[in-house]
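See structure below.
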Amino acid sequence: MADQDPSAPVRFMDLQDPRYAYMFGFLQADGHLRQGAGQKGRLAAEINVRDIHILREFQQLTPYYSSITERVRSTNFADCHHSATWSVCSLEARTIVNELGIPYGKKSWTIKPPRTEFSRPDYVRGIIDADGSLGWTGQGFPYLSLTSASTAIAAYLCHYGRKVTGTGRTISRNTRDGVYNVCYYKETAQQLAAHLYYKGCLALAHKKANADAIQAWVRPADMRIAPPRRRWTAQEDQELLRLNDPAMAGVALDRTEQSCFMRLWRLRTGQA
């Protein structure tokens, strides 16, 4: 990525600036915009105190007064959770981020990529740092994933991930809590992580370290590479429904009977 010219004027939340693109993605996923009486309100982000360095970066990037506070409390996940919160109350700052795409109040289902031009890898990295994860699976394979309730955000990661890696992903809400889980594994995870977490980028330190660490993985010589998934076309769906027989469709469409059976079931139940 090109270095920023320190002499050039900086406009708050210029999303073509990689730093603001990252900051906006992070706040869109893990921030909160609250509206109070009259013109009062607050934009805030609370994270584990280990990542307080990123909040200090946000403070440096914000040309309005902002504060960083810490607190220790009991949560469902820990008896002693130490967190840090960055807050800005400026109406002008809140108006800018609201117009760019951070709504007031609950937002997890409605956020979407900006409609203006923005630095794409940095925006996506901000989303991943806030709502994603990367590292090693239990089997020791590299992975990069995102959990999001937003259809637009999950779909955008699939779109962007395909452009970067050539690997497609489809999304569907899980039945337990209705969110999307988009996952990349092995070489695809390495390729996407290397693209997003480039040298000198703004990022959470532990996730940048994980992104660097997974680059060392090498596929064992005896581990086969699965061929790319063959997507169903509208014409194939029509033929499958017309035949209404997985065995016959498998021969006609050059697919396995099991594949035809599952696709037919998804079409009949509205899941495709």
Side-chain angles (χ1 to χ4, degrees), residues 1 18-19 21-30 47-48 50-51 53-54 77 108 111-114 118-232:
M1 300 296 163
R19 301 166 299 171
Y22 170 86
M23 181 178 175
F24 181 76
F26 191 99
L27 293 175
Q28 199 178 37
D30 207 25
I47 59 177
N48 191 296
R50 70 175 177 177
D51 297 320
H53 66 93
I54 210 70
F77 306 102
S108 58
I111 55 173
K112 59 186 66 175
F118 61 97
S119 179
R120 285 161 173 74
D122 302 284
Y123 170 76
V124 172
R125 187 178 64 258
I127 294 288
I128 296 294
D129 266 9
D131 277 351
S133 181
L134 70 162
W136 307 91
T137 67
Q139 294 77 33
F141 303 141
Y143 80 94
L144 184 151
S145 68
L146 172 70
T147 300
S148 177
S150 165
T151 301
I153 294 297
Y156 185 76
L157 177 59
C158 292
H159 165 75
Y160 192 75
R162 186 181 184 87
K163 287 182 63 177
V164 172
T165 69
T167 300
R169 289 288 182 271
T170 56
I171 58 171
S172 61
R173 295 190 185 276
N174 65 41
T175 55
R176 183 170 62 86
D177 47 16
V179 300
Y180 298 101
N181 294 293
V182 184
C183 299
Y184 297 87
Y185 297 99
K186 301 173 185 172
E187 289 92 350
T188 306
Q190 290 177 311
Q191 190 177 357
L192 190 54
H195 175 80
L196 296 176
Y197 290 83
Y198 57 87
K199 185 178 179 180
C201 71
L202 193 60
L204 295 181
H206 70 279
K207 289 193 176 178
K208 177 65 168 67
N210 283 353
D212 292 340
I214 66 174
Q215 301 303 320
W217 181 79
V218 177
R219 177 182 290 270
D222 60 349
M223 180 182 289
R224 72 180 186 89
I225 299 177
R229 290 181 60 187
R230 178 180 158 194
R231 294 182 177 276
W232 285 85

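Contact between K186 and M223 at its shortest, heavy atoms only, is NZ-SD, 3.9 Å. For the pair Y198 and K208, the tightest heavy-atom approach, listed with the atom from each and the gap, is O-CE, 3.4 Å. In plain terms, the two heavy atoms of I171 and A155 that are nearest each other are CD1-N, 3.9 Å. The two atoms that bring L144 and I128 nearest to each other are CD2-CD1, 4.0 Å, heavy atoms only. When all heavy atoms of A203 and I54 are compared, the closest pair comes out as O-CD1, 3.6 Å. I111 and A29 get closest at one heavy-atom pair: CD1-CA, 4.3 Å.
At least one side-chain heavy atom of P113 sits less than 4.5 Å from a side-chain heavy atom of I153. Side-chain contact between N210 and Y197: absent, with no pair of heavy atoms (C-beta onward) separated by less than 4.5 Å. Taking 4.5 Å as the limit, some side-chain heavy atom of Y184 sits within range of a side-chain heavy atom of L157.
One N or O on the side chain of K207 and one on the backbone of G132 form a donor-acceptor pair closer than 3.5 Å. Of the possible polar contacts, none joining the H195 side chain to the V164 backbone as a donor-acceptor pair under 3.5 Å is found. No side-chain donor-acceptor contact under 3.5 Å links D122 to the backbone of R125. Distance alone, capped at 3.5 Å, places no donor-acceptor pair between the Q190 side chain and the P142 backbone.
Note: K163 NZ to C158 SG = 14.0 Å, rounded to the nearest 0.5 Å. For the atom pair H53 NE2 and L202 CG, the distance stands at 8.5 Å (nearest 0.5 Å). With rounding to the nearest 0.5 Å, the separation of CG in L134 from CG in L146 is 11.5 Å. If you take CG on L204 and CG on D51, they are separated by 4.5 Å, rounding to the nearest 0.5 Å. Note that the CZ atom of R120 and the NE2 atom of H159 stand 7.5 Å from one another [nearest 0.5 Å]. In this structure, OG in S108 is found 11.5 Å from CG in D30, a value given to the nearest 0.5 Å.
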Stepwise side-chain contact (heavy atoms from CB on, under 4.5 Å) test for E187 and T167: CA-CA 10 Å; E187 289 92 350; T167 300; over 6 Å; no
Decide side chain to side chain donor-acceptor pair (under 3.5 Å) for Y22 and D129; before the verdict, give the C-alpha distance in whole Å, the side-chain angles of both, and the deciding distance to 0.1 Å. CA-CA 9 Å; Y22 170 86; D129 266 9; 2.6 Å; yes
Take N181 and T147 through the test side chain to side chain donor-acceptor pair (under 3.5 Å) and record every step on the way to the result. CA-CA 5 Å; N181 294 293; T147 300; 3.0 Å; yes
Check the pair Y160 / L196 against side-chain contact (heavy atoms from CB on, under 4.5 Å), numbers first and verdict last. CA-CA 11 Å; Y160 192 75; L196 296 176; 4.1 Å; yes
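Note on ring orientation: taking the six-membered ring where Trp is involved, the planes of Y185 and Y143 are tilted (angle from 30° to 60°).
Side-chain atoms of S119 and R19 include no donor-acceptor pair closer than 3.5 Å. Side chain to side chain, Q28 and Y123 meet the donor-acceptor criterion of an N or O pair below 3.5 Å.
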